[in-house]
A.B. asks: 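Pasting a structure below so you can have a look.
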Amino acid sequence: MKKYEAVIAYIVNRFNQEGVKKTKIFKLLWFAHREFMYLYSKELSELKFIRLNYGPVPKLAKNNAQDTNKKHDRILEDMVRDGILKVSGGNYTCLKEPMNLSDTEIAVIDQCLNAYGAMSAAQLSEVSHDRQWSALENGDIMLVEGVFARDFLEIGDDELERMRAQYQ
């Protein structure tokens, strides 16, 4: 099982027999990758992400960045074909235990699932529309390293005007 397949299988497995929709899987996957990068300054798996209308979606690094024609769906389709996942009525369930994940990786994924797992796909999409997503065009690569931007404090317009007045 490839690393990204193990991460996806772990996420899907946490939803047990009720299953989980594709959009929610992809958003939780994005948040897990970003949080892992933030905490450990390295990638969780070999996946890259691209910007689409409803937020980031995964793509395999070897694919062309502009090739957005549902290629991200192939990741799950391949996992279904390989007997890792099952899909029924648009809900994915896990058939194989996730392998090759360290305790550290599992802890980060669990942290993201605990924080975001109860949100709907629409809510997750909204949350994933951050500054990076807003600055890019559909098909552009989204960098998980962009998570470090959260360490920068944005100054609101009111505060900026108050500061300008103070120093004039």
Side-chain angles (χ1 to χ4, degrees), residues 1-59 68 70-80 82-136 138 142-154:
M1 187 178 291
K2 297 175 184 117
K3 178 64 78 147
Y4 70 87
E5 291 175 331
V7 175
I8 292 169
Y10 187 84
I11 290 169
V12 172
N13 196 45
R14 281 283 304 269
F15 288 90
N16 298 319
Q17 296 306 313
E18 63 204 46
V20 60
K21 301 270 187 212
K22 169 181 63 175
T23 301
K24 192 166 183 170
I25 294 169
F26 288 160
K27 299 308 166 244
L28 293 170
L29 186 63
W30 168 249
F31 291 126
H33 275 75
R34 285 176 48 100
E35 193 61 23
F36 195 81
M37 174 58 75
Y38 186 76
L39 294 171
Y40 299 102
S41 298
K42 61 183 182 178
E43 294 183 354
L44 180 58
S45 79
E46 63 275 22
L47 283 177
K48 301 297 178 197
F49 292 82
I50 58 172
R51 180 204 194 271
L52 287 185
N53 288 334
Y54 297 107
V57 297
K59 65 181 263 23
T68 62
K70 296 274 189 188
K71 293 291 185 188
H72 55 281
D73 289 344
R74 284 196 35 222
I75 293 170
L76 296 180
E77 290 168 2
D78 289 349
M79 291 178 73
V80 169
D82 294 341
I84 300 169
L85 300 178
K86 176 184 170 186
V87 62
S88 178
N91 284 320
Y92 288 85
T93 53
C94 189
L95 299 174
K96 288 187 179 177
E97 284 294 315
M99 302 172 0
N100 306 324
L101 294 176
S102 70
D103 291 343
T104 302
E105 292 164 338
I106 289 170
V108 171
I109 298 166
D110 282 344
Q111 179 182 341
C112 290
L113 290 170
N114 291 335
Y116 300 108
M119 291 182 168
S120 70
Q123 291 169 320
L124 290 169
S125 290
E126 187 67 31
V127 173
S128 71
H129 293 182
D130 60 9
R131 286 185 288 177
Q132 181 183 187
W133 180 88
S134 297
L136 298 173
N138 278 353
M142 292 194 64
L143 302 175
V144 294
E145 294 88 345
V147 72
F148 295 114
R150 76 182 184 196
D151 288 339
F152 296 101
L153 177 66
E154 278 194 43

A.B. asks: Indicate the atoms forming the closest heavy-atom contact of N13 with P98, along with that distance.
C.D. replies: ND2-CD, 4.3 Å
A.B. asks: Using a cut-off of 6.0 Å, state whether more than 12 heavy atoms not belonging to N114 lie near its atom CG.
C.D. replies: yes
A.B. asks: Does E126 come within less than 4.0 Å of K27, counting only side-chain N to carboxylate O?
C.D. replies: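 K27 and E126: not salt-bridged.
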A.B. asks: Do side-chain atoms of K96 reach the backbone of A6 as a donor and acceptor pair under 3.5 angstrom?
C.D. replies: no
A.B. asks: Kindly indicate whether the side chain of V7, heavy atoms from C-beta on, has any atom under 4.5 Å from the side chain of L47.
C.D. replies: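 The answer is no; the side chains never approach within 4.5 Å.
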A.B. asks: Which pair of heavy atoms, one from M142 and one from I50, lies closest together, and at what distance?
C.D. replies: CG-C, 4.0 Å
A.B. asks: CG/D130 to CG/L136 distance, rounded to the nearest 0.5 angstrom?
C.D. replies: 9.0 Å
A.B. asks: Could you label the plane-to-plane angle of the H129 and W133 rings as parallel, tilted or perpendicular, counting under 30° as parallel and over 60° as perpendicular?
C.D. replies: parallel
A.B. asks: What I'd like to find out is whether the side chain of L29 reaches to under 4.5 Å of the side chain of F49, using heavy atoms alone.
C.D. replies: yes
A.B. asks: For D110, is there an ion pair with R14 - N to carboxylate O distance below 4.0 angstrom?
C.D. replies: yes
A.B. asks: State, yes or no, whether a side-chain contact exists between L76 and F26 at a heavy-atom distance under 4.5 Å.
C.D. replies: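 They are in contact (side-chain heavy atoms under 4.5 Å apart), so the answer is yes.
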A.B. asks: Identify the two heavy atoms, one from V108 and one from A32, that lie closest to each other, and give their separation to 0.1 Å.
C.D. replies: CG1-O, 3.9 Å
A.B. asks: For F15 and L113: C-alpha separation, side-chain torsions, deciding distance, then whether side-chain contact (heavy atoms from CB on, under 4.5 Å) applies.
C.D. replies: CA-CA 10 Å; F15 288 90; L113 290 170; 4.2 Å; yes
A.B. asks: Using 0.5 Å steps for rounding, measure from the CZ atom of R34 to the SG atom of C112.
C.D. replies: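 Taking CZ in R34 and SG in C112, the distance rounds to 10.0 Å.
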A.B. asks: How long is the gap from OH on Y4 to CD1 on I75, to the nearest 0.5 Å?
C.D. replies: 6.0 Å
A.B. asks: Can you tell me how the ring of F31 sits relative to the ring of Y116, calling it parallel under 30°, perpendicular over 60° and tilted otherwise?
C.D. replies: parallel
A.B. asks: Determine, stepwise, if the pair I8 / Y92 fulfils side-chain contact (heavy atoms from CB on, under 4.5 Å).
C.D. replies: CA-CA 10 Å; I8 292 169; Y92 288 85; over 6 Å; no
A.B. asks: Any chance you could measure I109, atom CD1, to I11, atom CD1, to the nearest 0.5 Å?
C.D. replies: 6.0 Å
A.B. asks: Can you tell me how far the NZ atom of K24 sits from the CG atom of N91, to the nearest 0.5 Å?
C.D. replies: 10.0 Å
A.B. asks: How close do K21 and G90 get, heavy atom to heavy atom, and via which atoms?
C.D. replies: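 So the two residues come closest at CD-O, 3.4 Å.
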A.B. asks: Check whether K3 reaches the backbone of N100 with its side chain - one donor and one acceptor, N or O, closer than 3.5 Å.
C.D. replies: yes
A.B. asks: Say you draw a straight line from SG of C94 to CD1 of I84; how long is it, rounded to the nearest 0.5 Å?
C.D. replies: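 It comes to 8.0 Å.
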A.B. asks: T93 and N16: which non-hydrogen atoms are nearest, and at how many Å?
C.D. replies: CG2-O, 3.7 Å
A.B. asks: Start with the C-alpha gap between M79 and V12, add the side-chain angles, then the distance that decides, and say whether side-chain contact (heavy atoms from CB on, under 4.5 Å) holds.
C.D. replies: CA-CA 12 Å; M79 291 178 73; V12 172; over 6 Å; no
A.B. asks: side-chain contact (heavy atoms from CB on, under 4.5 Å), that's the test. Do F36 and E43 meet it? Break it down for me.
C.D. replies: CA-CA 7 Å; F36 195 81; E43 294 183 354; over 6 Å; no
